[in-house]
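Take a look at the structure set out below.
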Amino acid sequence: MSQDFRSVASEIVSKHGESRSSLILVLQEIQSKFNHIPFESMLEVSERMGVPLSDIYGVATFYHQFRLKPQGRHLISVCMGTACHVKGSQAIHGLLRERLGVGLDEETSPDGRFTLQKVRCMGACGLAPVLKIDGDIYGKVKPEDLDAILQKYS
Amino acid sequence: MIEVVKLDKGIVSDSEEINVRIGMGTCGLAAGADKVFEGLKECVKKMGVKAKLLPVGCSGTCYLEPQVELSRPGYPSAVYGNVNAASLPSILESYISGSVEGAVAIRERIGVMKGEQNLPLFDELDFNKHQVRRVTINCGKIDPESIDDYIAAGGFAGLRKVLNMKPEEVIDVVKASGLRGRGGAGFPTYLKWLICRQAVSDRKFVVCNADEGDPGAFMNRMEAESDPFRVVEGLITAGYAIGAHEGFFFVRAEKPLMASRLRKAVEEAKKRGFLGDNILGSGFSFDVQVILSAGAFVCGEETAMIAAIEGRRAMPRQRPPFPATKGLWDYPTNINNVETLAQVPVIFQLGPEKFAEVGSDRSKGTKVFCIAGKVRRTGAAEVPIGTPIRKLVFDVGGGVFEGRRFKAVQTGGPPGGCLPEKFLDLPLDYESLQAAGSIMGSGGLIVLDDEVCVVDIAKYFLTFTSAESCGKCAPCRVGTKAMLSILTRISEGKGEMGDLDKLRKLAEAMRDTSLCALGQGAPNPVITTLRYFEDEYVAHVRDKVCPAGVCPIERKVK
């Protein structure tokens, strides 16, 4: 597997070029391939681009999109925008944490089914509170809807 | 995407087809438009109706989503709101049988259908009647992925004019229009272009800031999702005026539909010769790339965005030098917001004088405001700059819900402020909002009622800014954390009266010494709530009570 992390990363670097300005694009593509950015991939990118590993780690930890730990089968994003906040997104997030048995920060449920994350604003404020599971967006979410929504994802 | 369902047994007439427009922007999807779309496909098949299903963007009326519009030649188009799959058959049946009953509005009054006289025109709805639609005119009407739809609606006519002018003349026209940046700071657009044009360099860049990050602002998403070619046209014009041959769209990863629409629009424009080499035979060449932001609120700051495009951590740097002289890879770079660029084709279509006919003395034209939070009608409304807050919150938005009391409106996102009732007649323009202690920002208005606690709101924003602080300068990195910890203890009933002064002092220091607008603006939600709602802070600190009942104060049973 670790060989895979390296060889795929290497292919992606070849595709986008070894220039520093491709770094974020390369990391995005690695993540979309593996659902996270494996350490071995960063190592490979560092060697290929001639950019220090510390620098790559710095970029990978700076942006919200990047994840260094593997993600669950489904990604739940709870919108934490202002409209969602005043419409009860905290309570929705709290309930989801309880249901999934995950900690305060972004985490994956013990069964590997869901990863729960907070996102800043998805721009569907008119339908607050909003949450997204993978590509599906749910608006005007009520606490009592959560079980039915979660059931759709195995 | 156009889906034509053709069946032999037509209920209308054999040659006649019903056009079904369905709002499938992010708001529509959040309301379940995808299910309605699937339901529609099934429904027309079952009923044997000839119909063309046309996914469109958002018309701004979020509160009506999922929204469906039916039209057929010779009959008025009818708009239906809050549609679900179960209500579709009766809606279609009734429309086909010649009745518009059940619709919320019709587009035009023809007088041939039952129930027409009882329905308002779509543009006469309370949400719409105060609007002056310019950048949103196509939103919800045209197919956002069809360049032909955009051209048929007058698209690229402005660019044709532009390419026949000298770049300096283009800048003069923008100057005459009075257009100012719609991203928040309100800097005159022509001046930004001129400085960049005058910078001497063999390579220049233009960037469209589509990294809409203010929570509560979704106009850029709506504009780029629903009418992306307009933004592309604006960016080409900026490139031509400045003398740049390379452009970028920098799009927020959390708004994926916006990114895919812009990508598609760039491809189509290239195919038709609006992008690429020798555009429309003018000799001007221009290419555009769409870049997906990996997500950091600070990217809204121009120098941070530049760092992100260069593949580094998005940390702002000292200005000057400004990006207009030293930007991407040290080349002169012009950065404009989505809505600023969307306004550019309007200037060349209408002419600068007509463009400037609406707006306030110092700010011309229209601005799209987003209304959300504790308000009846949510959505995005385009009104002349300088429209009073009251008009948007109460006339357009319908005010707060039954039994609730209006408390404040939060404008400008995290660096903005909360304005109480006494500012309801304040005109929404850059200077007035600033004088009241808030900012225009990108134009988000979050309505707060008596169920919202201002201390909680201040805490919410500081949670946001402390997490989004890039960490480069201490006033922002440490200041946001310090403020958050004070606000947290106040919200838990553990505050002291001296905390209020500490907050004020911290706010002042951060405003004066932070490197960029994120840190300078971060204290604003605290400053404005302290200024206008001090009694609520005092209630938390002295009486250990949260009047709105939101904060986690342990109530002692007497």
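Letters A, B, ... are given to chains in the order of the sequence lines, protein chains preceding strands, and every chain is numbered from 1. Predicted model, so just to flag it, every value in this text is computed and none were measured.
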Please flag which part of Pro414(B) lies under 4.5 Å from any non-hydrogen atom of chain A: side chain, backbone, both or neither.
neither
Donor-acceptor pair, Glu382(B) side chain versus Thr136(B) backbone, under 3.5 Å?
yes
Among Cys27(B), Gly413(B), Ala314(B), who wins on heavy-atom pairs under 4.5 Å with chain A?
Ala314(B)
Drop me the distance from Met42(A)'s CE to Glu40(A)'s CD, to the nearest 0.5 angstrom.
9.0 Å
Part of Ala296(B) lying under 4.5 Å from any heavy atom of chain A:
both
Which heavy atom of Asp4(A) sits nearest a heavy atom of Phe34(A), and at what distance?
O-CZ, 4.0 Å
Select, from Leu131(A), Ile56(A), Val130(A), Val86(A), the one with the greatest count of heavy-atom pairs under 4.5 Å involving chain B.
Val86(A)
If I take atom NZ from residue Lys255(B) and atom CZ from residue Phe218(B), how far apart are they, to the nearest 0.5 angstrom?
9.0 Å
Contact list (residues 18-30 of chain A to chain B, heavy-atom gap under 4.5 Å, by number) returns Arg20(A), Ser21(A), Leu23(A), Ile24(A), Gln28(A)
Pick whichever of Ala128(A), Gly81(A), Gly123(A) has the most heavy-atom pairs under 4.5 Å with chain B.
Gly123(A)
Straight-line distance of Arg113(A) CZ to Tyr153(A) OH, nearest 0.5 Å
11.0 Å
Per-residue contact mode, Arg313(B) against chain A (heavy atom under 4.5 angstrom)
both
Can you measure from NE2 (His36(A)) to NZ (Lys69(A)) and round to the nearest 0.5 angstrom?
11.0 Å
Considering non-hydrogen atoms only, spot the tightest contact between Pro52(A) and Ser46(A) and give its length.
C-OG, 3.9 Å
Indicate yes or no for a side-chain donor-acceptor contact from His74(A) to the backbone of Gly72(A) under 3.5 Å, with no hydrogens or angles considered.
no
Classify the angle between the aromatic ring planes of Phe127(B) and Tyr63(B) as parallel (below 30°), tilted (30 to 60°) or perpendicular (above 60°).
tilted
Distance-only side-chain donor-acceptor flag, Ser226(B) / Arg261(B), under 3.5 Å:
no
Report the option among Cys125(A), Cys79(A), Ala60(A), Ala124(A) that has the most heavy-atom pairs separated by less than 4.5 Å from atoms of chain B.
Cys125(A)
Is there a donor-acceptor pair closer than 3.5 Å between any side-chain N or O of Asn82(B) and the backbone N or O of Glu65(B)?
yes
Are Ser442(B) and Glu339(B) packed together at the side-chain level, in the sense that at least one heavy-atom pair is separated by less than 4.5 angstrom?
no
Are any non-hydrogen side-chain atoms of Pro552(B) and Ser491(B) less than 4.5 angstrom apart?
yes
Between His85(A), Gln31(A), Lys87(A), Met122(A), which has the largest tally of heavy atom pairs under 4.5 Å with chain B?
His85(A)
Residue pair Ser438(B) / Gly417(B): nearest heavy atoms and the distance that separates them
OG-N, 2.8 Å
Can you tell me how far the CG atom of Leu262(B) sits from the CZ atom of Phe250(B), to the nearest 0.5 Å?
13.5 Å
I need the residue from Ala308(B), Ser293(B), Gly28(B) with the largest number of non-hydrogen atom pairs under 4.5 Å to chain A.
Ala308(B)
side-chain hydrogen bond (donor to acceptor under 3.5 Å, both in side chains) assessment of Thr61(B) paired with Gln67(B)
CA-CA 9 Å; Thr61(B) 42; Gln67(B) 189 175 310; 2.6 Å; yes
Shorter than 4.5 Å, heavy atoms on both sides: which option in Arg252(B), Met258(B), Met219(B) has the most such pairs with chain A?
Arg252(B)
Between Ser77(A) and chain B, which part of the residue has a heavy atom less than 4.5 Å away: side chain, backbone, both or neither?
neither
If you check every heavy atom in residues 445-457 of chain B against those of chain A, which residues fall under 4.5 Å?
Ile446(B), Leu448(B), Val452(B), Asp456(B), Ile457(B)
Least distance between heavy atoms, Asp211(B) atom then Gly300(B) atom
OD2-N, 4.1 Å
Nearest heavy-atom approach of Pro316(B) to Val298(B) is CG-CG2, 3.8 Å
Do you know which two heavy atoms are closest between Cys546(B) and Cys551(B), and how far apart they sit?
SG-N, 3.3 Å
Heavy-atom check, side chain of Thr82(A) versus side chain of Phe461(B), under 4.5 Å
yes
Can you tell if the side chain of Met24(B) reaches within under 4.5 Å of the side chain of Leu29(B), non-hydrogen atoms only?
yes
In Å, rounded to the nearest 0.5 Å, how long is the span from CZ of Phe205(B) to CD1 of Ile309(B)?
9.5 Å
Residues of residues 462-472 of chain B with any heavy atom under 4.5 Å of a heavy atom in chain A
Phe464(B), Ala467(B), Glu468(B), Cys470(B)
Quick one: which residues of residues 134-148 of chain A reach chain B at under 4.5 angstrom, heavy atoms only?
Ile137(A), Tyr138(A), Gly139(A)
With a 4.5 Å cut-off on heavy-atom pairs, point out which of Met222(B), Glu254(B), Arg377(B) contacts chain A the most.
Glu254(B)
